[in-house]
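A, B, ... follow the sequence lines: proteins, then strands. Residue 1 opens every chain. Atom set for the values below is all heavy atoms of this structure, side chains included, hydrogens, waters and symmetry mates excluded. This one's a predicted model, so the numbers in the text were calculated from it and none came from an experiment.
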Amino acid sequence: MRPLIMEEVEALRGVNSVKIKEAHEAGKKVVGMYCVFSPSEIALAADAISVTLCGTTQGPIEDAEKELPRNLCPLIKSSYGFAITDKCPYFYFSDILLAETTCDGKKKMYELMGKIKPMHIMNLPQTADDEDSLELWKKEMVKFKNFLEEKLGVEITDDKLRDAIKLMNRERDAMKRLHKLNAHKPAPLSGMDMMLAQWLKGFNVDKEAGINLIERLIDEVEERMEKGIYAFDEKAPRILLTGCPIGSGSEKVLKALEEAGASVVALENCTGYKGLDVMVDENKDPITALAEKYLSTPCSCMTNNNGRLELIGRLAKEYDVDGVVDLTWQACHTYNIESFTVKKFVQEELNLPFIQIETDYSDSDTGQVKVRVEAFLETIEKPVMAN
Amino acid sequence: MHYIGIDIGSTAAKVSVFSDDKLIENFTMPTGWSSVETSKTIKERLEKQNIKIEDSKVVATGYGRISVPYADKTITEITCHGRGTHYLLGADCTVIDIGGQDTKIITLENGKVSNFTMNDKCAAGTGRFLELMANTLGVSIDELGEMALLGEDVNITSMCTVFAESEVISLIGSGTKRESIARGIVNSITGRVYALLHKHGATDTIFLTGGLCEVKPFVTLLSEKLQNEVKTNDLARYAGSIGAALLAKNI
């Protein structure tokens, strides 16, 4: 039995698509974003709504392939497909799109998408390890701020930025507390519910209401923990899922893991814990603080990306995991190549079982994914393997 | 007490039976169009030999594992191949299982699977690839293997089975010797296995399971490619079903 409030969380999907329409009709401006590098705070400080855009389902990929190569990651194709078919209400009601130069596939796709709606592109540095990178990224923050001020005819003051930073930090804090509940053994929330709660918060039109809902969910889960109600029993292997982002429609590996009896306790990906780990410093100059926070994102588009290994190591200990699963979307070169490094780190430094699963959003390899996942769990589960 | 392992793969179903600690029976049959029908036939055949399913423990594995209604448990072919290979070889090793649908590399440590790699959802580098190419040349897989030994190295570079078939047809058209085309086909598989094995990390001892272990020239050419004598065994194609039967003892 899942927490009752999960039904409300799940209902956000319908609620938010209505709310975005109402807000748009009431004259609110909407800034649609894709990536965890996007500073929502600046959009909020412009009194706009900041939402995540759709890109996690197979549906619109066929349409995207009319213009994009087939051998491209499903996330890019899905995002573009949603954009050209008007099937994503958040895209439809967006006044401005915020894009970022993460991987090659995304930045070239954005050139095409930018013809559909006004788009601002933030140029990410390719490394976070360098003083110059931070300076560049600060300038990019200012450019985005100026762009919004001009497009929306507003002034984004430091005070407004500070308020937005506080609001987003509160949201991060709530999500982080929710995530950390699963450090408990056994885990009180399934990985599927954790993913849904985190993914759906991206579409929240009303941030305050969203924070309140997550806090109520935490309360309910804590009550259940006191009563000894958990999502899985003590014996379920505890898995840390890392790699490419996932959302509703692209949860097949997470689902396969839990259907095979594993408890996915930690989601170290951009749709999971990654963006929650570091807060924005509320005492610094807001632009510097935002630049520092977002540049600290341990994404595979950065080189080097040692921060990801550090975070995996930390979460593996904190959540006491039995194995690490690295999900790569097909044709995602950065995550795919980095998987070799992650494998070595997990096996040799953490001494934990590791598997990489490369797949796409389609159902074409459901059987193979199931075999890989089940066999991986069999290598972890001691009773099955005992002679 | 009988312990029965049933490995229903995409091409063939393999069955192994232990009577307590003794391996008393191994047989194989084509999977055919329905795994459910195949599992019924298996049951009938076992019962004719007075092996009663109700008095036995049964583990099913392979892609058809969910279609064996009388199985007490299903376990993936990775774990079963690992267990079965350890029984056959009596030592740790790296297992190469070239199956009909996919190729797997499995590392055994202390008799248990510690790590494994599977090819992606593509037929290149699998037994199915060899079967399709043999059909294109109009020979059996065994004949293809024998021909390959006599041929010269030819490159078949397509990563996709369908395109590789076009490449083979072009080679036939250009008058390349059939033996060399056969060699090229085998090279294409051994090359894929080579890359998969080394990315995975190989141990000194390599053991081949799956139907191709019975094609001697293939084993020879694979050993050449890997620069390491690939071990195999008369019962190696039953590694999965033997492993499943052994795991049935734990139920």
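More than 12 heavy atoms of other residues, nucleotides or ligands shown are found within 6.0 angstrom of CD on A:E310. For NZ of B:K199, the number of neighbouring non-hydrogen atoms (other residues, nucleotides, ligands) closer than 6.0 Å is 12 at most. The neighbour count for B:D234 CG, taken as heavy atoms of other residues, nucleotides or ligands under 6.0 Å away, does not exceed 12. Within a 6.0 Å sphere centred on CD1 of B:I66, heavy atoms belonging to other residues, nucleotides or ligands number 12 at most. Atom CG of A:D233 is surrounded by more than 12 heavy atoms from other residues, nucleotides or ligands within 6.0 Å. Within 6.0 Å of CD in B:E109 there are 12 or fewer heavy atoms belonging to other residues, nucleotides or ligands. Residue A:H333 qualifies as open at atom NE2: its count of foreign heavy atoms under 6.0 Å is 12 or below.
Among A:F354, A:F376, A:F340, the residue with the largest count of heavy-atom pairs under 4.5 Å with chain B is A:F376. For chain A, the option among B:N115, B:I106, B:I251, B:D102 with the highest count of heavy-atom pairs below 4.5 Å is B:N115.
Residues B:T76 and A:R372 fail the side-chain proximity criterion, which asks for heavy atoms closer than 4.5 Å. Two residues are said to be in side-chain contact when any heavy atoms from C-beta on lie closer than 4.5 Å; B:M118 and A:V371 meet this criterion.
The structure places CG of A:L377 at 9.5 Å from OG1 of B:T79, a figure rounded to the nearest 0.5 Å.
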May I have the list of side-chain donor-acceptor pairs in residues 57-65 of chain A shorter than 3.5 Å, sequence neighbours left out?
from: A:Q58; atom 1: OE1; to: A:S362; atom 2: N; distance (Å): 3.2
from: A:D63; atom 1: OD1; to: A:K66; atom 2: NZ; distance (Å): 2.8
from: A:E65; atom 1: OE2; to: A:K77; atom 2: NZ; distance (Å): 2.8

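Pairing each heavy atom of B:Y63 with each of A:Q368, the nearest pair is OH-CG, 3.2 Å. Taking every heavy atom of both residues into account, A:A375 and B:I78 meet most closely at CB-CG1, 3.3 Å.
Remark: B:R83 does not engage A:E378 in a salt bridge, criterion side-chain N to carboxylate O under 4.0 Å.
Only the side chain of A:I355 comes within contact range of chain B, judged by heavy atoms closer than 4.5 Å. When heavy atoms are compared at a cutoff of 4.5 Å, A:E374 approaches chain B by way of both its backbone and its side chain. For A:Q356, no part sits under 4.5 Å from any heavy atom of chain B, backbone or side chain.
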